[in-house]
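Computed from a prediction, not measured in an experiment: that's the story for all the values here.
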Amino acid sequence: MKQLQQRTTYVQSIPVVSLTGEIDMMSFAPVTSRLAALLDRKPPALVVDLREVRFFGSGGIRTLVETQNTADELGVRFGVVSDSRIVLRPLEMTAVDQLLLIFGSVDNAVTALANTR
């Protein structure tokens with residue numbers, strides 16, 4: 001199993017957390033902590049890039065739902081970037097795709113989220 005790696009970059013002062021590897025019950029806790037820490041700073045928006053994720057389990061879904069709920073409470077726009085069936089299919093099957101703003105690229109996410117205040 002490939003270790004989940006996370007990297008945070010900033011685009012127009014919006015944190016973009018890029019994940020690489022597998023998100024499952026064993027690996028999602030540090031991601032949840034990182035996203036919560038970023039939200040605590042109340043950035044204009046937060047983007048999670050899942051394009052390099054090779055496995056996406058229920059832990060990943062739960063992380064996104066919790067992050068969306070916290071972002072809503074704090075008034076922070078939250079977007080998810082994915083173009084992969086590995087991520088999109090579980091989100092569709094659980095109807096979580098209806099809860100999230102999902103984009104095909106980081107540029108699209110940043111543009112959409114930065115322009116909506």
Go through the side-chain N and O atoms of [X] and [Y] and say whether any donor and acceptor fall under 3.5 Å apart.
X	Y	value
Glu73	Asn69	no
Arg34	Thr8	yes
Ser27	Asp24	yes

Distance in Å, [X] [atom1] paired with [Y] [atom2], rounded so as to fall on 0.5 Å steps:
X	Y	atom1	atom2	value
Ser82	Asp97	OG	CG	11.0 Å
Asp107	Ser105	CG	OG	5.0 Å
Gln68	Leu46	CD	CG	10.0 Å

task: Please determine which of Leu19, Leu88, Leu50 meets the side chain to side chain contact (heavy atoms under 4.5 Å, CB included) test together with Phe56.
output: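 The side chain to side chain contact (heavy atoms under 4.5 Å, CB included) with Phe56 is passed solely by Leu50 among Leu19, Leu88, Leu50.
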- prompt: Cluster question for you: counting only ILVMFWY and a side-chain heavy-atom cut-off of under 4.5 Å, with indirect links fine, are Ile102 and Met93 together?
  reply: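 In one cluster with Ile102: Met93, no.
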Between [X] and [Y], is any pair of side-chain heavy atoms under 4.5 Å apart?
X	Y	result
Val65	Leu99	yes
Pro44	Ser13	yes
Arg77	Leu101	yes
Thr32	Thr67	no
Arg51	Val81	yes
Leu91	Ile61	yes
Thr20	Val53	no
Thr111	Phe103	no

- request: Assess whether side-chain contact (heavy atoms from CB on, under 4.5 Å) is satisfied between Leu113 and Phe78, documenting all intermediate values.
  value: CA-CA 8 Å; Leu113 297 173; Phe78 176 58; over 6 Å; no
field: Test side-chain contact (heavy atoms from CB on, under 4.5 Å) applied to Val47 and Val17, step by step
entry: CA-CA 6 Å; Val47 174; Val17 179; over 6 Å; no
- prompt: Does the pair Glu92/Arg85 count as a salt bridge with the N-to-O cut at 4.0 Å?
  reply: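 Salt bridge present between Glu92 and Arg85.
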- request: Write down the atom of Ile14, the atom of Ala45, and the distance for their closest heavy-atom approach.
  value: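 Taking Ile14 first and Ala45 second, the nearest heavy atoms are CG2-O, 3.5 Å.
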field: Closest non-hydrogen atom pair between Gly60 and Phe28, with its separation
entry: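 Of all heavy-atom pairs spanning Gly60 and Phe28, the closest is N-CB, 4.5 Å.
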- request: Take Leu4 and Glu22 through the side-chain contact (heavy atoms from CB on, under 4.5 Å) test and state the conclusion after the steps.
  value: CA-CA 5 Å; Leu4 182 68; Glu22 301 182 355; 5.9 Å; no
- request: List for me each residue that meets side-chain contact (heavy atoms from CB on, under 4.5 Å) alongside Leu74, sequence neighbours excluded, and say none if there are none.
  value: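 In terms of side-chain contact (heavy atoms from CB on, under 4.5 Å), with neighbours along the sequence ignored, Leu74 is linked to Leu39, Lys42, Thr70, Val76.
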- request: Under the side-chain contact (heavy atoms from CB on, under 4.5 Å) rule, what do Met25 and Arg62 come out as? Steps first, then yes or no, please.
  value: CA-CA 10 Å; Met25 295 308 287; Arg62 191 158 89 219; 4.1 Å; yes
